[in-house]
Amino acid sequence: MAADTLFRRITDYAHRADPYPLYAELREAGVVRQEDGSYLVGTYHEIAALLHDPRISSDRRNRAVPDETAAGEQGVPPSFIGLDDPEHHRLRRLAMRSFGPPHTPGRIDAMEGEITRIVKDLIAGFEGKKRIDIVDDFAYPLPVTVICRLLGVPTEDEPRFRLWSDTIVAGFDPTPGEDPAERQRAGSEARKAMGLYLGELAEKRRNRPSDDMLSAFINNEGPDGRLTQLEIMTTAVLLLIAGHETTVNLITNGILTLLRHPDELDRLRSEPPLMPKAVEELLRYEPPVQMLPQRTPLADIEVLGVTIPKGAPLILMLASGNRDPQRFRDPDRFDPTREDNQHLGFGSGMHSCFGAPLARMETQLALTALIQHLDKPRLVEDPPPYRRSPVLRGPRHLLIEDDRAGA
Amino acid sequence: MRGEPRDGRIVIVGASLAGLRAAEKLRAEGFAGSLTLVGEEPQPPYDRPPLSKQVLLGKVPAENTGLPQRREVDAEWRLGVRATGLDPFGKRVLLADGEEVSFDRLLIATGTRARPWPNPAEAALDGVFTLRTSDDAGRLAERLDAGPRRVLVIGAGFTGSEIASACRERGLEVTVAERGPAPLVGALGGTLGTLATRLQRAHGVDLRCGVTVTALEGNGRLTGAQFSDGTRIDADVAVVALGAVRNTEWLAESGLAAGPRGVTCDAGCRAFDMYGIVTDDIFAAGDVARFPHPLFEYQLLSLEHWGNAVAQAEVAAHNMVNPGPRRRPHLTVPAFWSSQFGLNIKSVGVPTFSDQVVIAQGSLKDARLVAVYGYRGRVTAAVSVNQAKWLEYYQRLIETAAPFPPAPGAADRPESLVPVPSDVPDPKMLSHGPTVALTGHLPDRRLTVVQPAR
Ligand SMILES: Cc1cc2nc3c(=O)[nH]c(=O)nc-3n(C[C@H](O)[C@H](O)[C@H](O)COP(=O)(O)OP(=O)(O)OC[C@H]3O[C@@H](n4cnc5c(N)ncnc54)[C@H](O)[C@@H]3O)c2cc1C
Ligand code: HEM
């Protein structure tokens, strides 16, 4: 089929369960221009190079044809995932100040006990059920609870921000062909509402510091200054969404993949120290963030002999790079002991995932505990029903039956 | 069997970073013969970069910088004994304790040592230090703990600057004496030298450039120092940071091309003999090696970089146990890092191999930038300050011999993009050979190609 319809086919919901053959087609085709003037890149080395290229912007306002998500005058400015240096650098550093080294080195490690406890409670909640939904009963509540604790957001408000979060994610859905303006507008509205909500929570902590990041955002003043009111809002929204919509898919994809590879499941069960590597392999094999749809070149850039014009939408297919045989031997094989596994699951370069240490720890603890608990788990449905988004891809539900599920 | 590459006897002399990584790689590649490591230092391999950083700050004890072993290495370790000679005919390494070890293949990884203070009597004063080994670092850290009134650092290269930074972080008074016009100028040129000057002064260093120390004073104990401009200071600690001397004396009678600039080898890490004929059973890697690099017009490079020691050791080990057609060139682009005065400096390529430099992103004012170096119109090096994530892109420009100055369009770019002379000690006048670029990503597919003239 014509390469200029690849993006349409990749984003088509019919291919959500298995987009990988399309990615192979993309790698074969090289850099391909789509009918709508956007460009797709799916080969590992080219993606990695572009992610380090300072001429590639993450700020959609640099598009020749800006869209609604680029935030017009009435909208909220982008958070740092959608900004370039130096603004990106300044905001990321200020946010990192209360999240990780060098200023807060112990934050993530200190959460290990708490995450273990949440995992245990969730597993205890299987009690009395023979059939469980890995998503609703386990993989979703875990990261949500964790990111809420971390930011200082009451978990009771979850139904409110789940709705906002869903709307925001739908707003970023780059599926072509449908008129996106309405979705994008709704997404901006939801971002604003969530920002106001989080801004208010932060405000309550002014001068009454507690041990969470919202408190640190509003009270801490470092040598590089501090976040403004508006920046606190956009940064907190970014963290809440990033903490919400990604780890759930890694855990769910993890269980799904292990159930499809029972030998590997048994092996991990008897050798828990293999889990960290297995999680890296999951990030390669079934990455929760399949693509980065928001890049734009700031100059004409040549990639594999194709000139991508300044201002054109540039879409980097991380999940395709992760299966590139030019980088990974036997790329379609799930191999939890894979060496030299520099996958693109957390991106790379300037914007590489800020929350990676947390996501890794959550997923390692969650999968270890879950496979130890389950006895002979069976997939009720394979493939399971998927969420709509082609970007943040993962099952909407993952039903399993297990004799011990609720034991 | 003897002739089989995966069998026989391999001896590695120098049991530090390059020696250890080579040993691991030999076993990982399936070398099944006997393996002996000879090392002068008594302790197992340890890491040197922390010695001028965390150790001097008192954050890590000197004896806690042991290198993690990436795999169990089945080898005989002969530590605490120096190699004194190499008999190329009998294929034996002679040891200081009178014993000898025979080899079929040999890896020379004896690195460097600190250049001593030229006046032995002054060097022997209590309070005068050099910094290369963990013992050196332990003793110096102990002396800094005691709260000296003033520390004199002689030489403002990377090690000297890091020592001065650690002293200031401890709140100690520091004088830095540098013969050149600025700190780091020998490695990074004038533009970043100016930045380093500003930062050292802002951090309260008494920085004296364009002077030399003419005498260290004291009677048993160091009390002060005199400078070439006629001034003097009181100081109770002096750290001599005048660079490194290559440990090649033990090879004097070996017939190899070994001298003060290192052991010359080919791109496959095979040592040359004194006639320029390449040997096939003696290899060199790490700080002691001197090798041609196609990206830098085949100039012989001697690097004192952690990353080079690891990469070169791995190539040497691979080539020691693989037959000709499977051998690999050592094509890694040189890279190193340093942390000092709150700055994280990273370099790729060879900044001294340049005639011009431009601040490609960021600014000197914010001390957050990438400086890109060019030589005759192509990119040869890049140095980042507090912005290491930017560097990988410029590494690719170096590898592909991209035109200098770099193409426009980068984010966070200063208004003016005017290259200025890089003001580094001139690279040797070179003939204008064809430009070479690197291609390929996997170690066994890495190749050089000739770039057509632009
Ligand atoms: C204080 C300090 C800070 C540094 N910081 C950085 C940094 O920030 N970044 C960076 O990239 N690099 C840094 N380096 C450089 C880096 O440590 C070296 O590049 C690296 O140690 C080289 O490893 P090597 O194994 O080749 O040599 P070495 O580490 O010098 O090891 C050689 C070994 O051989 C032994 N030996 C010598 N002669 C004989 C003999 N005749 N017989 C037996 N054994 C012998 C020596 O005792 C030594 O143990 C630093 C170095 C120092 C000293
Ligand atoms: C398995 C879980 C996760 C995956 C797969 C993932 C993946 C990614 C990817 C691919 C990027 C790069 C985006 C880009 O380049 O445009 C990214 C950025 C980011 N992630 Fe994650 N992420 C995960 C979990 C988290 C968590 C738990 C947090 C928060 C605590 C988080 C916070 C962020 C932030 C703030 C950025 C933007 C960084 C920047 O722009 O500098 N992520 N993530």
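Note that the structure is predicted; figures quoted are calculated from it, not measured. Each chain gets a letter, A, B and so on, in the order the sequences are listed, and its residues count up from 1.
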Run the side-chain contact (heavy atoms from CB on, under 4.5 Å) test against B/T197 and tell me which residues pass, sequence neighbours left out.
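Residues passing side-chain contact (heavy atoms from CB on, under 4.5 Å) with B/T197: B/A182, B/P183, B/R201, B/L207.
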
Residues A/F328, A/D335; criterion side-chain contact (heavy atoms from CB on, under 4.5 Å); working and verdict: CA-CA 11 Å; A/F328 298 103; A/D335 174 7; over 6 Å; no

Here the salt bridge (charged side-chain N to carboxylate O under 4.0 Å, His left out) pairs for residues 310-324 of chain A, sequence neighbours left out, are A/R323-A/D332

Exercise. Inspect the contact between B/K25 and B/E314 and indicate whether a charged nitrogen and a carboxylate oxygen are less than 4.0 angstrom apart.
Key: no

Next on the checklist: Under a 4.0 Å threshold between the charged nitrogen and the carboxylate oxygen, would B/R396 count as salt-bridged to B/E392?
Outcome noted: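 Result for this pair is yes, salt bridge flagged.
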
| said: Going by salt bridge (charged side-chain N to carboxylate O under 4.0 Å, His left out), name the residues that satisfy it together with B/R168, two or more places apart in sequence or in a different chain. | reply: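 By the salt bridge (charged side-chain N to carboxylate O under 4.0 Å, His left out) rule, B/R168 matches no residue at all.
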
Of the listed A/I301, A/L51, A/L298, the one with the largest count of heavy-atom pairs under 4.5 Å with chain B is A/L298

| task | Could you tell me which residues in residues 84-96 of chain A have at least one non-hydrogen atom under 4.5 Å from a non-hydrogen atom of chain B, sorted by residue number? | result |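 Residues A/D84, A/D85, A/P86, A/H89, A/R92 are the ones that qualify, each having a heavy atom under 4.5 Å from chain B.
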
